[in-house]
Amino acid sequence: MPPVIDNKKCKGCGTCYANCPGDLFVFDKKQKLPELKYPDECWHCGVCRMDCPEKAIRIVFPLEML
Ligand code: SF4
Ligand code: SF4
């Protein structure tokens with residue numbers, strides 16, 4: 001399952017947007033809201049989850065990756 005952002009924890013730092021190697025996020029700078037724009041293209045590298053300082057991103061990794 002592609003990353004899910006917990007909007008209650010997210011502080012809008014933009015790190016997920018900046019660091020996703022696939023540029024799969026868009027970021028609303030005014031509202032400080034990231035959104036995963038292309039979830040079907042996510043290959044579960046885990047960078048967004050690892051780099052989020054608020055631990056606001058949850059990823060359910062596909063079984064074959066565990
Ligand atoms: S890295 Fe985490 S806190 Fe920062 S914008 Fe993304 S989800 Fe929000
Ligand atoms: S898991 Fe990797 S490819 Fe998928 S959205 Fe996060 S940083 Fe991008």
Side-chain angles (χ1 to χ4, degrees):
M1 195 178 92
V4 176
I5 298 168
D6 182 340
N7 288 334
K8 287 182 192 152
K9 290 184 182 172
C10 172
K11 296 278 199 296
C13 67
T15 303
C16 53
Y17 163 75
N19 291 5
C20 172
D23 278 339
L24 304 185
F25 288 86
V26 290
F27 189 69
D28 184 327
K29 285 183 181 161
K30 267 190 190 162
Q31 297 197 52
K32 294 192 166 185
L33 270 183
E35 183 194 344
L36 185 62
K37 186 76 175 173
Y38 309 102
D40 292 345
E41 293 182 32
C42 171
W43 64 93
H44 304 93
C45 71
V47 166
C48 55
R49 188 184 74 149
M50 268 188 300
D51 291 354
C52 174
E54 306 299 329
K55 301 201 183 317
I57 297 181
R58 182 167 166 263
I59 300 176
V60 176
F61 290 95
L63 267 184
E64 61 268 22
M65 288 184 74
L66 300 175

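Numbering of ligands and ligand atoms starts at 1, following listing order.
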Metal check, atom 4 (Fe) of ligand 1 vs Cys16 N/O/S, cut-off below 2.8 Å: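 Within the cut-off used here (under 2.8 Å), Cys16 places no N, O or S atom near atom 4 (Fe) of ligand 1.
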Protein heavy-atom partner closest to [atom] - residue, atom, separation in Å:
{"atom": "atom 1 (S) of ligand 2", "result": "Gly46 N, 3.3 Å"}
{"atom": "atom 4 (Fe) of ligand 1", "result": "Cys13 SG, 2.3 Å"}
{"atom": "atom 8 (Fe) of ligand 2", "result": "Cys20 SG, 2.4 Å"}

Show which atoms of ligand 2 fall inside a sub-4.0 Å distance from at least one heavy-atom site of [X].
{"X": "His44", "result": "1 (S)"}
{"X": "Pro21", "result": "7 (S)"}
{"X": "Leu36", "result": "5 (S)"}
{"X": "Pro3", "result": "5 (S), 6 (Fe)"}

Under 6.0 Å between the ring centres of Tyr17 and Phe27?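 Centroid separation for Tyr17 and Phe27: below 6.0 Å.
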Got more than 12 heavy atoms from elsewhere within 6.0 Å of CZ, Phe61? yes
May I ask you to say whether Glu54 pairs ionically with Lys9, meaning some side-chain N is under 4.0 Å from a carboxylate O? no
Out of curiosity, is Gly22 lining ligand 2, as in a heavy atom under 4.0 Å away?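 For ligand 2, residue contact (heavy atoms, under 4.0 Å) with Gly22 is absent.
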Does any N, O or S atom of Cys45, backbone or side chain, fall under 2.8 Å from atom 6 (Fe) of ligand 2?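 No, outside the cut-off.
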